[in-house]
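As structure tokens, the structure follows; a few thoughts come after it.
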2 protein chains.
Amino acid sequence: MVRLLADPARAAIVDALAAGPACTCHLVEDLGLSQPNVSNHLRALRHAGVVKAEPYGRYTYYHLNADALDAAAAHLTDLAARARATSDNRREC
Amino acid sequence: MVRLLADPARAAIVDALAAGPACTCHLVEDLGLSQPNVSNHLRALRHAGVVKAEPYGRYTYYHLNADALDAAAAHLTDLAARARATSDNRREC
DNA sequence: ACGGGGCATCACCAGAAACTGATATCACCA
DNA sequence: TGGTGATATCAGTTTCTGGTGATGCCCCGT
């Protein structure tokens, strides 16, 4: 899930969607990417549950899934917490 | 920064280090990866500030930088918060 | 119902990134 | 001080992934 935010284009899409739901054409226009490219990224994000698609007539509106983002954040927070808790458990070679 | 956790091998390294500081040989053994491979991943993580290296005689101990993980988590949390706050601002085409 | 625009999907290509093998360096120990 | 083990680095290969072009579908307006 975090894996998907690695690509700059996908990070830009997520960032743009943080400003509110938008349709594919908005993203294509705002980010200056090709339409198939945006569509492919959206598919990846959709399959991972990071964004949700909402057909609206001829358009498709996308919005972020805040819960998924929170879950990813929680995972990182957990790693940080575990790192702090075990910082003295140095393993011997 | 989040970008680095995309690779499964690096995610595994970070996960292993969450259990406590360890030297390169531990990671090589635990993850079943080649030593140069692990070293290269550690270099990438080191340069991004995700892990810190600590020379210890002939060995090099690595430990996670909890602050960096928290910063990444905060970024995701911020995205989620913005997504919730703007969920009604649907842009018209 | 016909034309057009928005969107998704697919096949392909190019660039990037990971893994490997060889090698250099350094610290420890006998 | 020579040998060994741990680590880092580098060049080369392979694998993966993102971008593009072409195409088809669907919905809307006329």
Side-chain angles (χ1 to χ4, degrees), chain A residues 1-17 19-65 72 89-93, chain B residues 1-17 19-65 72 89-93:
Chain A
M1 180 192 306
V2 169
R3 158 180 210 85
L4 292 178
L5 302 178
D7 184 72
R10 281 195 293 260
I13 289 176
V14 169
D15 200 63
L17 289 179
C23 69
T24 308
C25 60
H26 289 140
L27 299 172
V28 168
E29 190 172 334
D30 292 355
L31 306 180
L33 302 173
S34 72
Q35 179 268 319
N37 191 9
V38 170
S39 246
N40 281 328
H41 285 307
L42 284 172
R43 171 170 46 176
L45 293 170
R46 203 190 330 150
H47 286 158
V50 177
V51 305
K52 293 280 184 58
E54 190 179 345
Y56 185 72
R58 180 171 28 173
Y59 310 106
T60 305
Y61 273 83
Y62 283 92
H63 61 90
L64 291 180
N65 178 10
N89 301 0
R90 168 180 292 185
R91 292 167 62 183
E92 297 303 328
C93 280
Chain B
M1 183 192 306
V2 167
R3 161 179 208 85
L4 291 178
L5 301 178
D7 185 72
R10 279 194 294 261
I13 288 177
V14 168
D15 200 63
L17 289 179
C23 67
T24 308
C25 60
H26 288 140
L27 300 172
V28 168
E29 189 172 336
D30 292 355
L31 307 179
L33 302 174
S34 72
Q35 178 268 320
N37 191 10
V38 170
S39 246
N40 281 328
H41 284 308
L42 284 172
R43 173 170 46 176
L45 293 170
R46 202 188 329 143
H47 286 159
V50 178
V51 305
K52 293 281 184 57
E54 190 179 344
Y56 186 72
R58 172 167 41 170
Y59 311 106
T60 304
Y61 274 84
Y62 284 90
H63 61 92
L64 291 181
N65 178 10
N89 302 358
R90 168 181 291 186
R91 292 166 63 182
E92 297 303 329
C93 282

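The chains referred to below are lettered A, B, ... by the order of the sequence lines, with proteins before strands, and numbering in each begins at 1.
For the pair A:A53 and A:T60, the tightest heavy-atom approach, listed with the atom from each and the gap, is CB-CG2, 4.0 Å. When every heavy atom of A:A44 is checked against every heavy atom of A:R10, the shortest pair comes out as CB-NH1, 4.4 Å. B:C25 approaches B:C23 most closely through the heavy-atom pair SG-SG, 2.7 Å. When all heavy atoms of A:A72 and A:V2 are compared, the closest pair comes out as CB-CG2, 4.0 Å.
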Counting primed atoms plus P, OP1 and OP2 as sugar-phosphate and everything else as base, spell out the protein contacts along nucleotides 13-20 of chain D at 4.0 Å heavy-atom distance: B, S or - for each nucleotide, 5' to 3'.
----SSSB
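Taking 4.0 Å as the cut-off between side-chain N and carboxylate O, B:R90 and A:E54 count as a salt-bridged pair.
Judged by distance alone, with hydrogens and angles left aside, the side-chain atoms of B:Y59 form no donor-acceptor pair with the main-chain N or O of A:E92 at under 3.5 Å. Proximity of a side-chain donor or acceptor of A:D15 to a complementary backbone N or O of A:A11 within less than 3.5 Å is not detected.
The CG-C1' distance, from B:L42 to D:dA6, rounds to 13 Å in whole Å.
Among the protein residues, A:T24 comes within range of the sugar-phosphate backbone only, with heavy atoms under 4.0 Å from sugar or phosphate atoms but none that close to a base. At the heavy-atom level, B:Y61 lies nowhere under 4.0 Å from the strands shown. Contacts of A:Y62 with the nucleic acid, taken as non-hydrogen atoms under 4.0 Å apart, involve only primed sugar atoms and P, OP1 or OP2. No engagement by B:C93 is indicated, since no non-hydrogen atom pair under 4.0 Å with the nucleic acid exists. Within the nucleic acid shown, A:T60 comes within 4.0 Å of sugar-phosphate atoms alone, with no base atom in reach, counting heavy atoms only.
The CG atom of B:L45 sits 7.5 Å away from atom CG of B:L5, with the distance rounded to the nearest 0.5 Å.
Nucleotides of DNA chain C with any atom under 4.0 Å from a heavy atom of chain B span, from 5' to 3', C:dA17 to C:dC28.
When Watson-Crick and G-U wobble pairs are counted only if both distances are under 3.5 Å, C:dA30 pairs with D:dT1.
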